[in-house]
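So that we are looking at the same thing, I have put the structure below in structure tokens.
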Amino acid sequence: MTTPNDRSSARPAQDNSSIVDAARKVVATKGLSGMSLRTVAEEAGTSVGSISYRIGDRAALIAAILGREIELMAATRVQWRERLGGLDPVATGILADLICEWLDEGAGARRVSATVTCELALLASRDPAAFPGMAALLGEGEALWRDLLCASPKAGPLALFIADYCLDEQPFSILLAGETDYRLLRHSTVRGMLRESGQGQACPGDASAWHMALVDRLAVPASPAHDATAKVPEGNKAVLADHIADLISSQGVGALSHRAVAQASGTATSSVAHHFPAHRDILFAGVETLYRRMRSEIRSSNAATPAHSEIVRLTHECALTALTDPAVLPFAIDMRRRRAENVHVQFAQWLGIPAGSDRARVQAAVMASIGARLRAMATQSPPQTGPDLVRFFQE
């Protein structure tokens with residue numbers, strides 16, 4: 001006698017592809033938090049019972065999505081390898097074009113896959129044991145750059161560096177595809193990355209000034225995330241802000257509400273609303289508290305950990321949440337523009353350059369370190385230290 005699982009595994013894999021692809025579309029438009037058997041059934045034009053019978057529960061469906069993304073990424077590697085046609089992108093000077101086009105394709109033709117991969121990496125960072133296939137998916141991304149850089153003497157470490165940078169940059173490229181100043185900032189960062197890769201390009205002072213001018217320009221669309229008169233909270237407000245930060249760390253920004261903060265803090269909802277009237281105020285308090293914690297940790301520790309895990313999750317969650325919630329957009333823009341704000345002096349030292357001499361180069365290194373941290377959290381692998389991350393550039 002066969003069980004339902006036996007019958008499901010006996011069916012051809014293509015029988016379930018329409019359901020899995022419908023689930024991927026739901027994740028790309030509503031996030032993993034908005035994906036349920038019911039929402040997928042509605043997208044696929046089938047029933048919840050049919051999905052349960054053919055695939056299983058929600059966890060099984062997520063596993064199927066992950067497997068599908070690994071297949072698609074492997075196929076994409078072949079396409080890009082054929083597109084390059086055996087050229088050495090470093091020698092021909094087209095590596096910047098490839099990196100930017102890869103990110104743009106993730107915001108366009110590959111948007112579903114790119115968004116799903118970002119969502120999966122974020123979820124796996126909280127529970128890596130539940131996603132053993134995540135290492136294979138992220139490994140395909142690194143392998144793509146190994147393929148394209150196979151003629152470069154630094155292909156291995158450079159491929160990993162670019163893959164980690166793209167892992168951090170991709171959600172912002174999806175979210176801010178239409179924001180010209182962001183795209184210019186990204187191009188500046190990529191050029192900094194290539195200077196970092198040992199192509200012998202010095203950074204003129206006006207190039208670094210241009211990079212920082214773009215950072216300042218993005219402060220305009222990010223301004224709703226700030227309150228110029230805001231002070232470090234004190235008393236009961238500070239206690240609530242700590243609870244908000246803890247809630248973000250444990251459950252993500254999507255869990256924030258007046259009721260959730262009240263329950264977490266054992267405080268009346270009206271008291272939370274008194275201190276933080278709008279949802280924006282709750283989010284701002286939690287974000288700034290997490291940043292203060294990170295700054296304090298940086299000042300009090302000599303550990304060479306290049307990225308704070310809570311900040312890594314927070315910035316990616318904000319970027320992905322902003323895809324469906326415009327109120328979060330200013331926070332996401334601000335987090336992208338502030339890359340390297342707190343650690344640029346330390347990274348410049350690791351890179352062996354004067355502090356402030358090439359902020360684009362430093363930002364590229366910091367973003368690669370954030371991607372590396374996310375990869376480590378999602379795959380249960382040891383995180384790289386900052387010096388290890390940039391050492392091959394001095395070799």
Side-chain angles (χ1 to χ4, degrees), residues 88-104 107 145 148-149 152 154 157-170 172-173 175-222 306-307 315 332-372 386-387 389-395:
D88 179 351
V90 176
T92 56
I94 62 173
L95 184 53
D97 299 335
L98 296 178
I99 295 169
C100 291
E101 182 55 34
W102 172 256
L103 293 167
D104 284 342
W145 293 106
L148 300 184
L149 291 164
S152 171
K154 296 182 178 180
L158 181 56
L160 180 58
F161 187 93
I162 294 174
D164 285 337
Y165 163 77
C166 289
L167 183 60
D168 184 43
E169 188 75 90
Q170 187 67 85
F172 299 101
S173 286
L175 176 65
L176 304 174
E179 181 67 53
T180 299
D181 288 325
Y182 158 73
R183 290 170 60 83
L184 290 171
L185 179 65
R186 189 191 66 184
H187 295 338
S188 174
T189 307
V190 169
R191 286 194 299 273
M193 180 192 307
L194 299 188
R195 284 193 294 274
E196 206 168 27
S197 68
Q199 291 185 351
Q201 301 180 32
C203 177
D206 54 356
S208 194
W210 161 251
H211 183 88
M212 294 310 297
L214 292 169
V215 170
D216 291 339
R217 286 181 64 84
L218 280 172
V220 176
T315 56
I333 295 174
D334 191 53
M335 289 169 182
R336 172 56 184 90
R337 62 179 287 273
R338 290 168 70 175
R339 286 300 199 249
E341 179 182 68
N342 297 290
V343 293
H344 67 93
V345 173
Q346 188 175 40
F347 267 79
Q349 180 180 358
W350 291 336
L351 286 163
I353 61 176
S357 64
D358 192 344
R359 293 295 290 270
R361 185 188 306 190
V362 170
Q363 190 171 84
V366 171
M367 295 187 71
S369 78
I370 294 172
L389 185 78
V390 302
R391 181 172 293 129
F392 78 94
F393 290 124
Q394 283 81 46
E395 294 176 352

Is the shortest side-chain N to carboxylate O distance from R186 to D104 below 4.0 Å?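 So R186 pairs with D104 through a salt bridge.
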Measure from the side-chain N and O atoms of E169 to the backbone N and O of L103, and report whether any donor-acceptor pair falls under 3.5 Å.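 Answer holds: no.
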Any chance you could measure I162, atom CD1, to L148, atom CG, to the nearest 0.5 Å?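 Answer rounded to 0.5 Å: 8.5 Å.
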Full working for side chain to side chain contact (heavy atoms under 4.5 Å, CB included) between R359 and V215: CA-CA 10 Å; R359 293 295 290 270; V215 170; over 6 Å; no
Has the side chain of T92 got a donor or acceptor atom that lies under 3.5 Å from a matching backbone atom of D88?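 Yes, because the side chain of T92 sits within donor-acceptor range (under 3.5 Å) of the backbone of D88.
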Test applied, side chain to side chain contact (heavy atoms under 4.5 Å, CB included); reference residue, T315; option that passes from R339, R336, R338: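 Result: among R339, R336, R338, R339 is the only option passing the side chain to side chain contact (heavy atoms under 4.5 Å, CB included) with T315.
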What's the separation between atom CG in L175 and atom CD1 in I333, rounded to the nearest 0.5 Å?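 CD1 of I333 is found 7.0 Å from CG of L175.
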Can you see whether S173 engages Y182 through a side-chain donor-acceptor pair at a distance of less than 3.5 angstrom?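 Yes, Y182 and S173 have a side-chain donor paired with an acceptor closer than 3.5 Å.
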Among all residues two or more places apart in sequence or in another chain, which pass the side-chain hydrogen bond (donor to acceptor under 3.5 Å, both in side chains) test with D164?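 So D164 forms a side-chain hydrogen bond (donor to acceptor under 3.5 Å, both in side chains) with R375.
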Going from CG on D97 to NE2 on H187, what distance comes out if it is rounded to the nearest 0.5 angstrom?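 If we round to the nearest 0.5 Å, D97:CG and H187:NE2 are 9.5 Å apart.
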CD/E101: more than 12 non-hydrogen atoms of other groups inside 6.0 Å: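 More than 12 heavy atoms, drawn from other residues, nucleotides or ligands, come within 6.0 Å of this atom.
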Any heavy-atom pair between the side chains of F172 and L185 that's under 4.5 Å?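 No, their side chains stay 4.5 Å or more apart.
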Determine whether a donor-acceptor pair (N or O, by modelled atom type, separation under 3.5 Å) exists between the side chain of D358 and the backbone of R361.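 Yes; at least one donor-acceptor contact below 3.5 Å.
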